[in-house]
Chemist: 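Before I ask anything, here is the structure I am working with.
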Amino acid sequence: MNRHDIKIFDSADDLADYLTSFLLEKINETPVSGFFSLALSGGSTPKILFRHIAGSSKEKTNWGKVKIFWGDERCVPPDHEDSNYNMANNEFLRFLNIPEDNIFRIFGEAEPSGEAERYSRIIENNVIHKDGIPRFDLILLGLGEDGHTASIFPDNMSSFDSDLYCEAVTHPRSGQKRVTLSGKLINSARLIIFMVSGKNKAGIVSEIIQSEHNSNYPAALVNPWDGELLWLLDKEAASMLA
Ligand code: 6PG
C-alpha cells in the first residue's frame, strides 16, 4: 500500500478533527442538485468523530444534501445500547438538519435476512449507480482486532465476495446477529476511509497494511475498484508500522 494512502495523527482527537473538516468539505463540494451518500461505521471508534461533527460549524454545511446509511448494524432495537444507529443519533444526527427521509437506518429490530434484502433495495433505490452497482460517495470503516470490518468476519469471508449487496451474518464470538454491507458494495465506493485508533489495533493494522497479500482478513480485501482508499490512524494504532 502506498504510504500516501495513510495519514497518522498524534491523537484520536486530532484524527477526528481532520476527518470532520475533510467530510464537511466533501459534502460542500456536492452539486446543489446532488446528494452525498455516506455510510457510517459502527463500534466505539467513530464516537469521537460524531462528537466533532456535532460541535462543528455545521450551519455552514448543507446537511440536507446528505443521505446517511450504515455499513453494518447489530440486530437490536434502535434504542438499544449496542445499536450503531442509536450511537450516531445520540452523538450527532439529532443535532443536524438532515431530513428524516434521508436517514436510512438498518432495522436492527427486524428479522436479519429479510432486513438484509430490504436494505439492499433501499441502497439500490437511493445511491447513485456506477457500472450497475450502487456507488457510495464515502464509506467509513472501522477495524476489529481480528481483521474484520463492517460485520464481515474472518470466519465468514464468503460474505465479502457475496453477490448480494447486504448479508445477514453472526458475530463469531458473541453470536449476535448482524446485517452488513458486502465487499461488493464496499469496494464499489468512490472513497473508503478506515478510521482506526488505539494501541490494541497496532498489530492488525501492521499486518494488514504491511503484508501486501494478506487475504486472511476481510479488511485486507477492501480495495475500491475505481475509487480511493485512505487509512486514518492515530499514533498508537500506527505504532507497529515500519
Ligand atoms: C461494528 C462495526 C465494526 C467496528 C469494529 C471496530 O458494528 O462493531 O462496524 O466493524 O468498526 O469492530 O470497533 P471499535 O471501534 O469498537 O474498536
Chemist: Is there a side-chain contact between Pro154 and Pro218 in this structure, where contact means two heavy atoms from C-beta onward sitting under 4.5 Å apart?
Modeler: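 SC-SC contact between Pro154 and Pro218 confirmed.
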Chemist: Given side chains that start at C-beta, do those of Leu232 and Tyr18 come closer than 4.5 Å, heavy atoms only?
Modeler: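 Sidechains of Tyr18 and Leu232: in contact.
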Chemist: Would you check if the side chain of Thr61 reaches a backbone N or O of Trp63 as a donor-acceptor pair within less than 3.5 Å?
Modeler: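 No, because the side chain of Thr61 does not come within donor-acceptor range (under 3.5 Å) of the backbone of Trp63.
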Chemist: How many angstroms lie between atom CD of Glu207 and atom CG of Leu241, to the nearest 0.5 angstrom?
Modeler: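 Spacing of CD (Glu207) from CG (Leu241) equals 12.0 Å.
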Chemist: So which atom in Ser197 and which in Ala12 form the shortest heavy-atom distance, rounded to 0.1 Å?
Modeler: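 Taking every non-hydrogen atom into account, CB-CB, 4.1 Å.
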Chemist: Could you pull out all residues at least two apart from His171 that satisfy ring pair (Phe, Tyr, Trp, His ring centres under 6.0 Å)?
Modeler: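 Counting only residues at least two positions away or on another chain, His171 forms a ring pair (Phe, Tyr, Trp, His ring centres under 6.0 Å) with Phe153.
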Chemist: Sequence neighbours excluded, which residues qualify as side-chain contact (heavy atoms from CB on, under 4.5 Å) partners of Ser37?
Modeler: Phe69, Val127, Phe136, Asp137
Chemist: Checking side chain to side chain contact (heavy atoms under 4.5 Å, CB included) between Thr149 and each of Leu181, Leu141, Ile192, which is the one that passes?
Modeler: Leu141
Chemist: What pairs of donor and acceptor atoms, side-chain ones from residues 219-229 against any protein atom, are under 3.5 angstrom apart with sequence neighbours left out?
Modeler:
{"from": "Asp226", "atom 1": "OD2", "to": "Lys130", "atom 2": "NZ", "distance (Å)": "2.9"}

Chemist: How about Phe35 and Ile128: do any of their side-chain heavy atoms sit closer than 4.5 Å?
Modeler: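 No, their side chains stay 4.5 Å or more apart.
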Chemist: Could you list all the salt bridge (charged side-chain N to carboxylate O under 4.0 Å, His left out) pairs where at least one residue sits in residues 61-75, not counting sequence neighbours?
Modeler: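 Matches after skipping sequence neighbours: Asp72-Arg178.
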Chemist: Between Pro46 and Met87, is there a side-chain heavy-atom distance shorter than 4.5 Å?
Modeler: yes
Chemist: Kindly write out the residues that satisfy side-chain contact (heavy atoms from CB on, under 4.5 Å) with Glu29, not counting sequence neighbours, or none if the list is empty.
Modeler: Glu25, Lys26
Chemist: Got a salt bridge between Arg118 and Glu115, using NZ or NE/NH1/NH2 to carboxylate O under 4.0 Å?
Modeler: yes
Chemist: What residues, two or more places apart in sequence or in another chain, satisfy side-chain hydrogen bond (donor to acceptor under 3.5 Å, both in side chains) together with Glu236?
Modeler: none
Chemist: Could you go through Leu15 and Met195, starting from their C-alpha distance and side-chain angles, then the distance that decides it, and tell me whether this counts as side-chain contact (heavy atoms from CB on, under 4.5 Å)?
Modeler: CA-CA 8 Å; Leu15 191 167; Met195 179 185 179; 3.7 Å; yes
Chemist: Tell me, do Trp231 and Ile209 make a side-chain contact under 4.5 Å, heavy atoms counted?
Modeler: yes
Chemist: Does the side chain of Val66 reach to within under 4.5 Å of the side chain of Leu96, using non-hydrogen atoms?
Modeler: no
Chemist: Could you give the distance from CG (Leu49) to CZ (Phe22), rounded to the nearest 0.5 Å?
Modeler: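 One gets 12.0 Å once the value is rounded to the nearest 0.5 Å.
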Chemist: Does the side chain of Glu81 come under 3.5 Å of the side chain of Asn86 through a donor N or O and an acceptor N or O?
Modeler: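 Glu81 vs Asn86: no donor-acceptor pair found between side chains.
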Chemist: Let's go through Ile204 and Leu143 carefully: what are the C-alpha distance in whole Å and the side-chain angles of both, what is the deciding distance for side-chain contact (heavy atoms from CB on, under 4.5 Å) to 0.1 Å, and is it a yes or a no?
Modeler: CA-CA 8 Å; Ile204 192 66; Leu143 176 65; 3.6 Å; yes
Chemist: What's the verdict on side-chain contact (heavy atoms from CB on, under 4.5 Å) for Leu40 and Ile139, showing C-alpha distance, side-chain angles and the deciding distance?
Modeler: CA-CA 6 Å; Leu40 300 176; Ile139 296 182; over 6 Å; no
Chemist: Shared ILVMFWY cluster between Leu140 and Ile27, side chains joined below 4.5 angstrom?
Modeler: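 Leu140 clusters together with Ile27.
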Chemist: I'd like to know if the side chain of Thr20 reaches the main chain of Ala16, judged simply by a donor and an acceptor atom lying under 3.5 Å from each other, with no hydrogens or angles considered.
Modeler: yes
Chemist: How far apart are the closest heavy atoms of Ser83 and Pro78, and which atoms are they?
Modeler: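 Here Ser83 and Pro78 meet closest at OG-O, 3.7 Å.
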Chemist: Considering residues at least two apart in sequence or located in another chain, which fulfil the side-chain contact (heavy atoms from CB on, under 4.5 Å) criterion with Thr170?
Modeler: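 Thr170 satisfies side-chain contact (heavy atoms from CB on, under 4.5 Å) with Lys177 only.
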Chemist: Search all heavy atoms of Asn126 against all heavy atoms of Ile122 and return the closest pair with its distance.
Modeler: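 That closest heavy-atom pairing would be ND2-O, 2.8 Å.
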Chemist: To check you understand the geometry: which heavy-atom pair defines the closest contact between Arg135 and Ser188, and what is its length?
Modeler: CG-O, 2.8 Å
Chemist: Would you kindly confirm whether Leu164 and Phe160 end up in one hydrophobic cluster when ILVMFWY residues are joined by side chain heavy atoms under 4.5 Å apart?
Modeler: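 No, Leu164 does not connect to Phe160 through the hydrophobic network.
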Chemist: Distance-only check: which donor-acceptor pairs under 3.5 Å involve side-chain atoms of residues 101-110, not counting sequence neighbours?
Modeler:
{"from": "Asn102", "atom 1": "ND2", "to": "Gly64", "atom 2": "O", "distance (Å)": "3.4"}
{"from": "Arg105", "atom 1": "NH1", "to": "Glu109", "atom 2": "OE1", "distance (Å)": "3.0"}
{"from": "Arg105", "atom 1": "NH2", "to": "Glu109", "atom 2": "OE2", "distance (Å)": "2.7"}

Chemist: Can you name the side-chain hydrogen bond (donor to acceptor under 3.5 Å, both in side chains) partners of Asp234, sequence neighbours left out?
Modeler: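 Partners of Asp234 by the side-chain hydrogen bond (donor to acceptor under 3.5 Å, both in side chains) criterion come out as none, since no residue qualifies.
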Chemist: Mind checking the CH2-OG spacing from Trp70 to Ser151? Nearest 0.5 Å is all I need.
Modeler: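 Reported to 0.5 Å precision, the distance equals 14.5 Å.
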Chemist: Might you point out which heavy atoms bring Gly71 and Ala39 nearest each other, and give the distance in Å?
Modeler: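 Result for this residue pair: N-CB, 4.3 Å.
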Chemist: Please name all residues satisfying side-chain contact (heavy atoms from CB on, under 4.5 Å) with Asp10, sequence neighbours left out, ordered by chain then number.
Modeler: Asp14, Lys235
Chemist: Quick check: is Met240 connected to Phe194 through a chain of hydrophobic side chains (ILVMFWY, heavy atoms under 4.5 Å apart)?
Modeler: no
Chemist: Enter the distance from Leu230:CG to Asp5:CG here, rounded to the nearest 0.5 Å.
Modeler: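 Between Leu230 CG and Asp5 CG, I get 7.0 Å after rounding to 0.5 Å.
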Chemist: Sort and list the pairs that fulfil salt bridge (charged side-chain N to carboxylate O under 4.0 Å, His left out) and have at least one residue in residues 145-168, not counting sequence neighbours.
Modeler: Asp146-Arg173
Chemist: To the nearest 0.5 Å, tell me how far Glu91 CD sits from Lys47 NZ.
Modeler: 5.0 Å
Chemist: Do Val76 and Leu93 belong to the same hydrophobic cluster, where Ile, Leu, Val, Met, Phe, Trp and Tyr are linked whenever their side-chain heavy atoms lie under 4.5 Å apart, directly or via other members?
Modeler: no
Chemist: At what distance, to the nearest 0.5 angstrom, does CG of Asp82 lie from CD of Gln176?
Modeler: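 Rounded to the nearest 0.5 Å, the CG-CD separation comes out at 5.0 Å.
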Chemist: For the backbone of Tyr85 and the side chain of Asn89, can you confirm whether one donor and one acceptor N or O come within less than 3.5 Å of each other?
Modeler: no
Chemist: Give a yes or no answer on whether the side chain of Arg94 reaches the backbone of Asn90 with a donor-acceptor pair at less than 3.5 Å.
Modeler: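 Between the backbone of Asn90 and the side chain of Arg94 there is a qualifying donor-acceptor contact (under 3.5 Å).
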Chemist: Assess whether side-chain contact (heavy atoms from CB on, under 4.5 Å) is satisfied between Ser120 and Cys166, documenting all intermediate values.
Modeler: CA-CA 6 Å; Ser120 298; Cys166 299; 3.4 Å; yes
Chemist: Between Ile53 and Phe92, what is the shortest heavy-atom contact and its length?
Modeler: CG2-CD1, 3.6 Å
Chemist: Can you confirm whether Ser159 sits close enough to Ser182 that some side-chain heavy atom of one is under 4.5 Å from a side-chain heavy atom of the other?
Modeler: no
Chemist: Spell out, as yes or no, whether a donor-acceptor pair under 3.5 Å connects the side chain of Thr30 to the backbone of Phe36.
Modeler: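 A pair under 3.5 Å: no.
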Chemist: Partners of Ser158 by side-chain hydrogen bond (donor to acceptor under 3.5 Å, both in side chains), sequence neighbours excluded?
Modeler: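 Once residues adjacent in sequence are excluded, the partners of Ser158 under the side-chain hydrogen bond (donor to acceptor under 3.5 Å, both in side chains) criterion are Asn156.
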Chemist: Any luck finding a side-chain donor-acceptor pair between Ser113 and Glu111 under 3.5 Å?
Modeler: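 Yes, because at least one side-chain N or O of Ser113 sits under 3.5 Å from a partner of the opposite role on Glu111.
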Chemist: Does Val169 reach the side chain of Ile152, with side-chain heavy atoms less than 4.5 Å apart?
Modeler: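 Of all side-chain heavy-atom pairs linking Ile152 with Val169, none is under 4.5 Å.
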